[in-house]
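Here the structure is laid out as structure tokens; the discussion comes afterwards.
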Amino acid sequence: MIFVFLGPPGAGKGTQAKILEHDLGAKQLSTGDILRENVKNDTSLGREAKPHMTSGGLVPDNLIIRMMGEYLATVETPILDGFPRTVPQAQALDDFLHENRLDATAVLFDVDMDVLTERLTGRWTNPRSGRVYHEKFNPPKIAGIDDEDGGELVQRDDDRSETVKKRLATYEKETAPLVHYYENDSPTVRFVRVNGLAPIDEVTEQLRALLHGEHA
């Protein structure tokens, strides 16, 4: 079973990937990591990709698919997060899955964007320990001060309102065609939605059910 995770930043994809890796032996695959590994190991695919990477250009979709294919064929439960990014990449992945008779499910972590924005922009972090608070859901006893060490809390650049809104707008623009493709046009990949704002354990159980259902 192959999972394709779709959803905006903060929807819980990374959290669920880590849980599935720990509990089920799944493996989250990053195209960036795979590209760098092939270049580092001087594989034939790495040598093909290196000129594109060093020049700052895009690595061709067919080359990425060939690299991903090596991993998809050897990892029992791969999780693709951040790939495919475009409909042509999704179509190329469909062709690979069909040729190799592999099952895949695209999981959209569905969220209300206003609620997600509130979640992301309310986060404050202790830069010394990494401890995270939230203005509404998990506030410190004294605003702006860490409960344990009494030091100042900061808001990361990624959690600032203007940054969050820009990231979410970019996601909606770039990913909407991909969601439409998987929901309506993909001949190979099953499409499902999960509530990305539900409690973590509830989302995990939905993903477990999907995995067990595919193997039944």
Side-chain angles (χ1 to χ4, degrees), residues 1-8 11-14 16-21 23-39 41 43-53 57-110 171-194 196 203-216:
M1 158 63 75
I2 297 166
F3 280 125
V4 178
F5 278 4
L6 304 171
K13 304 187 303 297
Q16 292 300 327
K18 286 183 174 62
I19 292 172
L20 294 180
E21 283 187 325
D23 292 355
L24 302 177
K27 175 71 173 176
Q28 186 175 13
L29 300 180
S30 159
T31 52
D33 289 344
I34 290 173
L35 284 166
R36 286 187 289 272
E37 182 177 327
N38 274 271
V39 170
N41 294 333
T43 67
S44 60
L45 293 175
R47 289 191 291 274
E48 284 186 59
K50 188 173 182 178
H52 300 283
M53 297 170 67
L58 295 175
V59 178
D61 290 347
N62 67 337
L63 180 53
I64 292 178
I65 285 289
R66 286 156 56 201
M67 285 187 180
M68 295 292 288
E70 294 186 356
Y71 289 81
L72 296 178
T74 57
V75 177
E76 184 174 350
T77 309
I79 300 171
L80 306 184
D81 180 7
F83 181 88
R85 289 187 179 276
T86 65
V87 171
Q89 287 182 356
Q91 292 170 329
L93 179 60
D94 272 339
D95 292 340
F96 175 84
L97 296 173
H98 177 72
E99 291 171 5
N100 292 275
R101 299 182 180 181
L102 296 173
D103 293 324
T105 298
V107 180
L108 174 63
F109 286 68
D110 215 1
Y171 161 78
E172 289 195 277
K173 178 181 178 181
E174 294 180 350
T175 308
L178 196 58
V179 172
H180 182 275
Y181 174 78
Y182 276 126
E183 189 168 22
N184 299 284
D185 301 324
S186 174
T188 307
V189 179
R190 175 188 178 191
F191 177 83
V192 298
R193 296 173 183 264
V194 298
V203 178
T204 301
E205 286 308 309
Q206 291 182 64
L207 296 175
R208 287 178 185 274
L210 287 173
L211 185 61
H212 294 155
E214 287 292 329
H215 283 293

Q: Under the side chain to side chain contact (heavy atoms under 4.5 Å, CB included) rule, what do Gln206 and Val192 come out as? Steps first, then yes or no, please.
A: CA-CA 10 Å; Gln206 291 182 64; Val192 298; over 6 Å; no
Q: For the residue pair Leu108 and Tyr182, establish whether any side-chain heavy-atom pair is separated by less than 4.5 Å.
A: no
**Q.** Closest contact, heavy atoms only, Gly46 versus Val39
**A.** O-CG2, 3.7 Å
Q) Can you find a heavy atom in the side chain of Gln91 that is under 4.5 Å from one in the side chain of Val87? A) yes
Q: Assess whether atom CZ of Arg85 is packed by more than 12 heavy atoms of other residues, nucleotides or ligands within 6.0 Å.
A: no
(Q) To check you understand the geometry: which heavy-atom pair defines the closest contact between Glu48 and His52, and what is its length? (A) O-CD2, 3.3 Å
(Q) Contact between His180 and Asp185 at the side-chain level, heavy atoms closer than 4.5 Å - yes or no? (A) yes
Q) Would you call Met1 and Leu210 a side-chain contact if the rule is heavy atoms closer than 4.5 Å? A) no
Q) Looking at Leu178 and Pro84, what are the two nearest heavy atoms and their distance? A) CD2-O, 3.0 Å
Q: Salt-bridge test for Lys18 and Glu21: reply yes if a basic N is under 4.0 Å from a carboxylate O, no otherwise.
A: no
Q) Which distance, rounded to the nearest 0.5 Å, do you find between the CD of Gln89 and the CG of Asp61? A) 4.0 Å
(Q) So which atom in Gln28 and which in Ala17 form the shortest heavy-atom distance, rounded to 0.1 Å? (A) OE1-CB, 3.5 Å
Q | Nearest atoms (heavy-atom pairs only) where Ile79 meets Ala26 | A | CD1-CB, 3.9 Å
Q. Who pairs with Glu172 by side-chain hydrogen bond (donor to acceptor under 3.5 Å, both in side chains), at least two apart in sequence or on another chain?
A. none
Q.
Working to the nearest 0.5 angstrom, can you tell me the gap between Leu63 CG and Asn38 CG?
A. 8.5 Å
Q) What pairs with Phe109 under ring pair (Phe, Tyr, Trp, His ring centres under 6.0 Å), at least two apart in sequence or on another chain? A) Phe5
Q.
For a 4.5 angstrom cut-off between non-hydrogen side-chain atoms, does Thr204 reach Gln16?
A. yes
Q) Rounded to the nearest 0.5 Å, how far does NZ of Lys50 lie from OG1 of Thr43? A) 11.5 Å
Q. For Gly14 and Asp81, which heavy atoms make the closest approach, and how far apart are they?
A. N-OD2, 4.4 Å
Q: Supply the atom-to-atom distance Asp110 CG to Leu6 CG, rounded to the nearest 0.5 angstrom.
A: 10.5 Å
Q.
Tell me which pairs pass ring pair (Phe, Tyr, Trp, His ring centres under 6.0 Å) where either residue lies in residues 67-97, with sequence neighbours left out.
A. none
Q.
Within this structure, what is the CG-CE distance for the pair Leu35 and Met53, rounded to the nearest 0.5 Å?
A. 5.0 Å
Q. With a 4.5 Å heavy-atom cut-off, do Phe191 and Val179 have their side chains touching?
A. yes
Q.
Show, in sequence, the C-alpha distance, side-chain angles and deciding distance for Leu24 and Thr77, and conclude whether the side chain to side chain contact (heavy atoms under 4.5 Å, CB included) test is met.
A. CA-CA 8 Å; Leu24 302 177; Thr77 309; 5.7 Å; no
Q.
If I take atom CG from residue Asn41 and atom CZ from residue Arg47, how far apart are they, to the nearest 0.5 angstrom?
A. 11.0 Å
Q.
Do Glu183 and Arg193 have side chains that approach each other closer than 4.5 Å (heavy atoms only, starting at C-beta)?
A. yes
Q) Heavy atoms, side chains only, cut-off 4.5 Å: are Leu93 and Leu80 in contact? A) yes
Q) Is there a donor-acceptor pair closer than 3.5 Å between any side-chain N or O of Lys27 and the backbone N or O of Leu72? A) no
